[in-house]
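Accompanying notes for the structure given below.
All of these numbers come straight from a predicted model, not from anything done at the bench. Protein chains get the first letters and strands the later ones, always in sequence-line order, with residue 1 at the start of each.
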Number of protein chains: 2
Amino acid sequence: MTYTIGSLARAAAVNVETIRYYQRRGLVGEPPKPPGGIRRYDESHAGRLRFIRQAQTLGFSLGEVADLLALEDGCHCREAGRLGAAKLALVRERIAQLRCVEKALAGMVGQCRGNTGKVHCPLIASLKRNANAGAATAGKPRERKAAARRPVRA
Amino acid sequence: MTYTIGSLARAAAVNVETIRYYQRRGLVGEPPKPPGGIRRYDESHAGRLRFIRQAQTLGFSLGEVADLLALEDGCHCREAGRLGAAKLALVRERIAQLRCVEKALAGMVGQCRGNTGKVHCPLIASLKRNANAGAATAGKPRERKAAARRPVRA
DNA sequence: GTTGACTCCGTATCTGACTACGGGGGTACG
DNA sequence: CGTACCCCCGTAGTCAGATACGGAGTCAAC
């Protein structure tokens, strides 16, 4: 089955304009345009779009997503391996941090059962440990030139 | 030990302007200003800032961070519990997804050892399963009014 | 008592990621 | 044939999250 850009957008639950934007950024390909006609997309495009959205909700910027997609697309293995290993470390770090949050939240939610007073939750404390660990390796703020620091749809 | 806003910024590895911005957003408090003087901050402020950054890298928007901080600050337990449970579900989902990515990346990096050809990695496939599961509950794109879909520093 | 680093505060600018607009065109169907 | 969609493409606008700027005031040290 093939898609027009509009039906592709519906299939992947994104805006048409977003697809065009991703094309401009080189994240998804633009199929060749039949003379005087309408471009045709397929499942691989839909998969790519869903992947991008997914990766974004996991905290990857579009730039990072582009890196991941470059891996998928196949580049020289040596390079792919390095890049993949770096991303892997990043992913594992995020998982570890999220587990801290999970534990803290779970504890707090448990404490809250039936209580009507106030709570002081261990969330900040639990994250602070992690943050301090990371802070040692962090440079001065002005040196940061990295991706903007923004999140993601809920 | 106490901080001026500048030393606080260094201690938490953020920009001074960012602190002011967070104050405007109500994420961190502004200590009272001694008449004609300079505000003083302490460890609790530094912790809060680190927490915010931490939470952001985990994919929470500043709005969500504000929710989490409200829990920390203590609100009625019933409400805190609900909020906490919701965030908890979200966090668990993210962990599960990240584990998919982790597995896929690890497999790929493994395959790459010593190989100089090309790779086609199972990354997209691994996420597609997850994404499709979620897609069932997703509304049309235009209905989205949620937080912007942006990530986070590397 | 001047210098230099820093604070205060308001406003302006930048970046990433969309999202909207609008003119020009094709296709489909009643 | 008309009209109702949909596509193409370029450009402009929006929104969150910072960052930057600049004049006036403060403080510590030389």
Side-chain angles (χ1 to χ4, degrees), chain A residues 2-28 30-41 45 49 52-66 140-154, chain B residues 2-28 30-41 45 49 52-53 55-57 59-66 140-154:
Chain A
T2 73
Y3 301 103
T4 66
I5 198 170
S7 56
L8 176 65
R10 278 187 296 277
V14 301
N15 196 307
V16 169
E17 307 301 330
T18 303
I19 296 176
R20 294 196 196 287
Y21 174 67
Y22 289 168
Q23 289 176 332
R24 262 174 268 146
R25 302 249 335 206
L27 291 171
V28 312
E30 221 176 338
K33 185 179 169 183
I38 284 173
R39 294 174 209 283
R40 288 282 153 182
Y41 300 85
H45 295 97
L49 288 171
I52 294 169
R53 292 311 226 189
Q54 210 53 48
Q56 278 188 296
T57 70
L58 298 178
F60 293 98
S61 72
L62 287 187
E64 292 174 319
V65 173
K140 290 182 180 178
R142 9 323 287 277
E143 295 174 11
R144 268 188 304 103
K145 189 74 188 293
R149 180 187 289 279
R150 285 78 148 306
V152 161
R153 61 133 187 256
Chain B
T2 73
Y3 301 103
T4 65
I5 198 170
S7 56
L8 176 65
R10 278 187 296 275
V14 300
N15 197 306
V16 168
E17 307 301 330
T18 303
I19 297 176
R20 295 197 197 286
Y21 174 65
Y22 290 167
Q23 289 175 333
R24 264 174 266 143
R25 301 252 332 208
L27 290 171
V28 311
E30 219 174 343
K33 185 179 168 183
I38 285 173
R39 295 175 207 283
R40 287 281 154 183
Y41 300 84
H45 294 97
L49 287 171
I52 294 170
R53 292 310 226 187
Q56 277 188 295
T57 69
F60 293 98
S61 71
L62 287 186
E64 292 173 320
V65 173
K140 290 181 181 179
R142 4 330 283 283
E143 293 173 10
R144 268 186 304 105
K145 191 67 188 295
R149 177 189 290 280
R150 286 80 150 307
V152 163
R153 62 135 187 250

*Tell me whether the OP1 or OP2 atom of C/dC9 has a side-chain N or O from B/Arg39 closer than 4.0 Å.*
yes
*Under 4.0 Å: is that the gap between some side-chain N or O of B/Gln56 and OP1 or OP2 of D/dA18?*
yes
*Just one of B/Glu30, B/Glu17, B/Arg39, B/Arg20 clears the side chain to side chain contact (heavy atoms under 4.5 Å, CB included) bar with B/Ile5, so which one?*
B/Arg20
Report yes if some heavy atom in the side chain of [X] is under 4.5 Å from a heavy atom in the side chain of [Y]; otherwise report no.
| X | Y | result |
| --- | --- | --- |
| A/Val16 | A/Tyr21 | no |
| B/Arg53 | B/Thr18 | yes |
| A/Gln56 | A/Leu62 | yes |

*asked:* Nearest to the side chain of B/Lys33, heavy atoms from C-beta on, is which of C/dC9, C/dA17, D/dA18?
replied: C/dC9
_Nucleotide nearest B/Ile38 (side chain, heavy atoms from C-beta), chosen from D/dT11, D/dC27, D/dA18_ = D/dC27
Can you check the [X] [atom1] to [N] [atom2] distance for me, whole Å?
| X | N | atom1 | atom2 | answer |
| --- | --- | --- | --- | --- |
| A/Leu62 | C/dT15 | CG | C1' | 12 Å |
| A/Arg53 | C/dC18 | CZ | P | 5 Å |
| B/Glu17 | D/dG22 | CD | P | 13 Å |
| B/Arg24 | C/dG10 | CZ | C1' | 9 Å |
| A/Glu30 | D/dC7 | CD | C1' | 12 Å |
| A/Arg20 | D/dC6 | CZ | P | 14 Å |
| A/Arg10 | D/dC7 | CZ | P | 7 Å |
| B/Tyr3 | C/dA5 | OH | C1' | 20 Å |

*Of B/Ile5 and A/Arg25, whose nearest nucleotide on DNA chain C comes first from the 5' end?*
B/Ile5
